[in-house]
Amino acid sequence: MKSYQMTPDEFRENGKKMIDWIADYYEQIEKYPVLSQVQPGDISCQLPEQAPEQGESMSDIMADVDRIIMPGITHWQSPNFFAYFQSNSSFPSILGDLLSSGLGVQGMLWATSPACTELETRVMDWLVDLMGLPEHFKSTDSGGGVIQDTASSAALAALLAARERKTNYRSHQTGDTAGLVAYISTQTHSSLEKGVKIMGLGTDRLRKIAVDPRFAMDPLELEKQIVQDLAAGMKPFFVCATIGTTSSNAVDPVRRIGEICQKYDLWLHVDAAMAGSAALLPDYRHYFDGLELADSYAFNPHKWLFTNFDCDCFWVADKAALIKTLSILPEYLKNEATEQGAVIDYRDWHIQLGRRFRSLKLWFVLRHFGAEGLRHHIRQHLELTGEFVAMVQSSDDFELLNQPPFNLVCFRHKAGNTFNKQLMDTINRTGRLFFTHTVLNEQFWLRMSIGQTQTELRHLKDAWQLITQQAKTLPLPPENN
C-alpha cells in the first residue's frame with residue numbers, strides 16, 4: 001500500500017537543503033528589494049485555482065517559492081528595513097523555532113508537556129532579573145509571566161482581568177459592563193482600542209487623554225478625566241501607559257500614572273512592546289521608573305530581542321486575578337497535577353487554549369547570546385541611532401522631531417508634508433530601503449526604526465545618502481506645509 005508520508009530519510013535530505021536555502025537567503029538578502037514591488041493580484045494569478053490532486057516534489061515546490069513567493073516578500077530581516085518597528089530574528093531563534101515545530105508540542109496544560117510549562121516559567125523569571133523588573137513579577141512571588149503571541153493579546157488579557165477585578169468577578173458571568181471606563185493616551189497603540197471593542201465595552205467608554213509637548217500622556221489630564229467620570233457615576237477601571245509609543249517612542253510618566261491608578265483603584269497596564277528590550281541596559285532603566293506600580297507589563301522579544309515572531313512577554317503582579325478571569329476547566333482537561341494545584345497551566349493565562357512551545361526559541365536566544373551579547377547588540381543599535389541623528393542634524397534641509405529616547409528617529413524635510421510623503425514613496429519604490437511615517441501635530445514625519453539584527457553603520461550611511469540625494473531631485477512645492 002502506497003504511503004504518502006515523507007520518510008525520515010527524505011525529511012533529513014530536504015531539511016538540510018532547507019537550512020542551506022535559509023542560510024543562503026540571509027547571505028544574499030541585500031540583493032532583494034526591501035519592499036515587495038508586486039502589484040495586487042500578481043501572486044494569486046500565478047497560483048492554480050485548485051489544489052493539486054497528486055503530490056509534488058520538494059524541488060518543484062521550492063522552485064515555485066523562488067519564482068512566485070519571493071517577489072511577493074517584503075524582507076523584514078533585511079538590514080535596510082527601517083519601517084514600522086522591527087520584527088527581527090536570529091539564527092539561534094530560528095533553530096529553536098524549528099525544534100519547537102519538530103516536537104509538535106501543544107502545551108495547554110502542564111500535563112501535556114511539563115517541559116513546555118516549566119521552561120517558560122524559568123525563562124520569564126530570568127528576564128525579570130536580567131531587565132531589573134519588579135520582583136513580584138516572578139513566579140516565586142505573587143505574580144508571574146507568560147508568553148503571549150503579541151502585545152495586542154497581552155493588552156486584551158489585561159483589560160479582561162481589570163474588568164473582572166473591578167466588578168468582583170461578576171461581569172464574566174452576567175456580561176454587565178455598565179459604567180466601566182478605560183483610559184489611554186492619544187498616542188497609545190491601536191491594539192488597546194481594538195481590545196476594548198473585542199471585550200464588548202465600546203469605544204464610547206474609552207477615553208483618549210491628551211499628551212504633553214513630548215507626546216507623553218499628561219497625568220493632570222488623566223486625573224481630571226477620572227474625576228469627571230466618577231462625578232458622572234461612571235466606573236474607571238483601566239489605564240494603559242506606554243514606554244516607547246509607536247509614532248514617536250514617547251515615554252509616559254509611569255510613576256505618576258501609577259500613583260493616580262492606586263488612588264482611584266484602577267488597573268495599570270504598561271506597554272513597552274518595542275522599547276522594553278532597552279531595560280537590559282542598566283543606564284536605560286530610568287525610562288522604566290514606576291514599573292513596580294503596574295498591575296501588568298508587556299514587551300516583545302520579537303521586536304528587538306532577536307527572537308522571531310511571535311513572542312510577547314507578559315507579566316502580572318497578581319497571577320490570581322488573571323487566572324480567576326480566564327480559567328475554565330471542562331472535564332476533558334482535568335488531571336491529577338492540576339487538581340492538586342501543584343503546577344501552572346498556562347491555558348489560564350491567555351485567551352486561547354492551545355499554545356506552542358514558544359519559550360524554546362527565547363531560551364535558545366538567551367543561551368546563545370548570553371546577557372552580555374544581548375546588551376552589546378541593543379547598545380550597538382542605540383549607538384547607530386545616535387549616528388543617524390547626527391546625520392540629520394548636519395543637514396540644513398532636514399529637522400528632527402526630538403532627541404530619540406530609544407531607537408526610533410522621527411525627522412522630516414523642511415519642504416513640508418506633501419514633499420515628505422513624495423520623498424518617502426519615491427525611495428520605498430526603489431527597493432533599496434523601506435521606512436514609514438507618522439503624523440504629529442498635523443505634520444508628516446518620516447520614521448527610521450533602527451533595530452534590525454544585521455543593520456550596520458554602512459546601511460545607515462547608504463540610507464542617508466539615498467534620502468538626501470533623492471530629496472534634491474524632487475520639485476519643491478510653492479509653499480511649505
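Between the Ser153 side chain and the Asp149 main chain, no donor and acceptor come within less than 3.5 Å of each other. Checking side-chain atoms of Glu399 against main-chain N and O of Leu401 turns up no donor-acceptor pair under 3.5 Å. Under a 3.5 Å cut-off, the side chain of Thr426 and the backbone N or O of Gln422 do form a donor-acceptor pair.
Taking all atoms of both residues into account, the shortest heavy-atom contact from Ala471 to Leu423 is N-CD1, 3.7 Å. Closest non-hydrogen pair, Leu460 versus Met391, comes out as O-SD, 4.0 Å. Considering all non-hydrogen atoms of both residues, Leu360 and Gly96 come closest at CB-O, 4.0 Å. Taking every heavy atom of both residues into account, Ile147 and Arg355 meet most closely at O-NH2, 3.5 Å. Of all heavy-atom pairs spanning Met131 and Ser277, the tightest one is CE-CA, 3.7 Å. Residues Trp349 and Gly145 approach most closely at CZ3-N, 3.9 Å, considering heavy atoms.
With contacts defined as side-chain heavy-atom distances shorter than 4.5 Å, the pair Phe82/Thr436 does not qualify. Between Thr242 and Gln187, every side-chain heavy-atom pair lies at or beyond the 4.5 Å cut-off. A heavy-atom distance below 4.5 Å is found between the side chains of Thr121 and Ile344. Using a 4.5 Å cut-off on side-chain heavy atoms (C-beta onward), Leu109 and Val343 make no contact. Arg163 places none of its side-chain heavy atoms less than 4.5 Å from the side chain of Phe238. Inter-residue side-chain proximity for Val239 and Ile184 is flagged as unmet; no heavy-atom pair is nearer than 4.5 Å. Side-chain contact between Pro71 and Asp42: absent, with no pair of heavy atoms (C-beta onward) separated by less than 4.5 Å. In this structure, Leu127 and Cys313 have side chains that are in contact, with non-hydrogen atoms separated by less than 4.5 Å.
Distance check, rounded to the nearest 0.5 Å: SG of Cys261 to CZ of Phe237 gives 11.5 Å. For the atom pair CG of Leu180 and OG1 of Thr167, the computed distance is 7.0 Å after rounding to the nearest 0.5 Å. From Leu305, atom CG reaches atom OG of Ser90 across 9.0 Å, with rounding to the nearest 0.5 Å. To the nearest 0.5 Å, atom CD of residue Gln393 and atom CG of residue Leu400 are 5.0 Å apart. Note that the OG atom of Ser185 and the CD1 atom of Ile209 stand 8.5 Å from one another [nearest 0.5 Å]. One finds the CZ atom of Arg214 at 13.5 Å from the CG atom of Asn249 (value rounded to the nearest 0.5 Å).
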Passes side chain to side chain donor-acceptor pair (under 3.5 Å), Trp110 versus Glu118? Steps please.
CA-CA 8 Å; Trp110 176 88; Glu118 295 190 18; 2.7 Å; yes

Salt bridge (charged side-chain N to carboxylate O under 4.0 Å, His left out) assessment of Glu223 paired with Arg256
CA-CA 10 Å; Glu223 186 165 21; Arg256 183 71 186 99; 3.4 Å; yes

Any chance you could lay out the side chain to side chain donor-acceptor pair (under 3.5 Å) test for Gln86 and Ser449, step after step, and finish with the verdict?
CA-CA 7 Å; Gln86 272 68 31; Ser449 180; 2.6 Å; yes

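For the pair Lys324 and Glu164, the salt-bridge criterion is not met [side-chain N within less than 4.0 Å of a carboxylate O]. A salt bridge does not link Asp283 to Arg375: none of the charged side-chain nitrogens sits closer than 4.0 Å to a carboxylate oxygen. Asp229 has no carboxylate O lying under 4.0 Å from a charged side-chain N of Arg205, or vice versa, which leaves the two without a salt bridge. Between Asp425 and Lys421, at least one side-chain nitrogen of the basic residue sits less than 4.0 Å from a carboxylate oxygen of the acidic one, meeting the salt-bridge criterion. The existence of a salt bridge linking Lys208 and Glu221 is excluded, since no basic side-chain nitrogen approaches an acidic carboxylate oxygen closer than 4.0 Å. With respect to Arg255 and Asp289, a salt bridge is recorded, a charged nitrogen being found less than 4.0 Å from a carboxylate O.
For Asp204, there are no side-chain hydrogen bond (donor to acceptor under 3.5 Å, both in side chains) partners two or more places apart in sequence or in a different chain. Residues that satisfy the side-chain contact (heavy atoms from CB on, under 4.5 Å) test with Thr246, not counting sequence neighbours, are Phe85, His189, Arg447. Residues meeting the side-chain contact (heavy atoms from CB on, under 4.5 Å) test with Pro33, sequence neighbours left out: Gln37.
Taking the six-membered ring where tryptophan is involved, the planes of Phe398 and His413 are perpendicular, since the angle between them exceeds 60° and thus also 30°. Ring-plane geometry between Phe369 and His377 is classed as perpendicular, the angle between the planes exceeding 60 degrees on a 0 to 90 degree scale with a lower cut at 30.
Side-chain contact annotation: Asp318 with Ser142, donor-acceptor N/O pair under 3.5 Å absent. Looking only at atom types and distance, the side chain of Gln77 has no donor-acceptor partner in the side chain of Gln454 under 3.5 Å away.
Annotation: Glu442, atom CD; neighbour count of heavy atoms from other residues, nucleotides and ligands within 6.0 Å does not exceed 12. Within 6.0 Å of the CZ atom in Arg285, the count of heavy atoms belonging to other residues, nucleotides or ligands exceeds 12.
Applying the salt bridge (Lys or Arg N to Asp or Glu O under 4.0 Å) test to every pair with at least one member in residues 300-312, sequence neighbours left out, gives these pairs: Asp310-Arg356, Asp310-Arg358. Listed by first and then second residue, the ring pair (Phe, Tyr, Trp, His ring centres under 6.0 Å) pairs involving residues 422-446 are Phe81-Phe434, Tyr84-Phe434, His437-Phe444 (not counting sequence neighbours).
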N/O donor to acceptor pairs below 3.5 angstrom from side-chain atoms of residues 293-302, sequence neighbours left out:
from   : atom 1 : to     : atom 2 : distance (Å)
Asp295 : OD1    : Arg165 : NH1    : 3.0
Asp295 : OD2    : Leu268 : N      : 2.8
Ser296 : OG     : Trp267 : NE1    : 2.9
Ser296 : OG     : His269 : ND1    : 2.7
Asn300 : ND2    : His302 : NE2    : 3.4
His302 : ND1    : Cys311 : N      : 2.8
His302 : ND1    : Cys311 : O      : 3.1

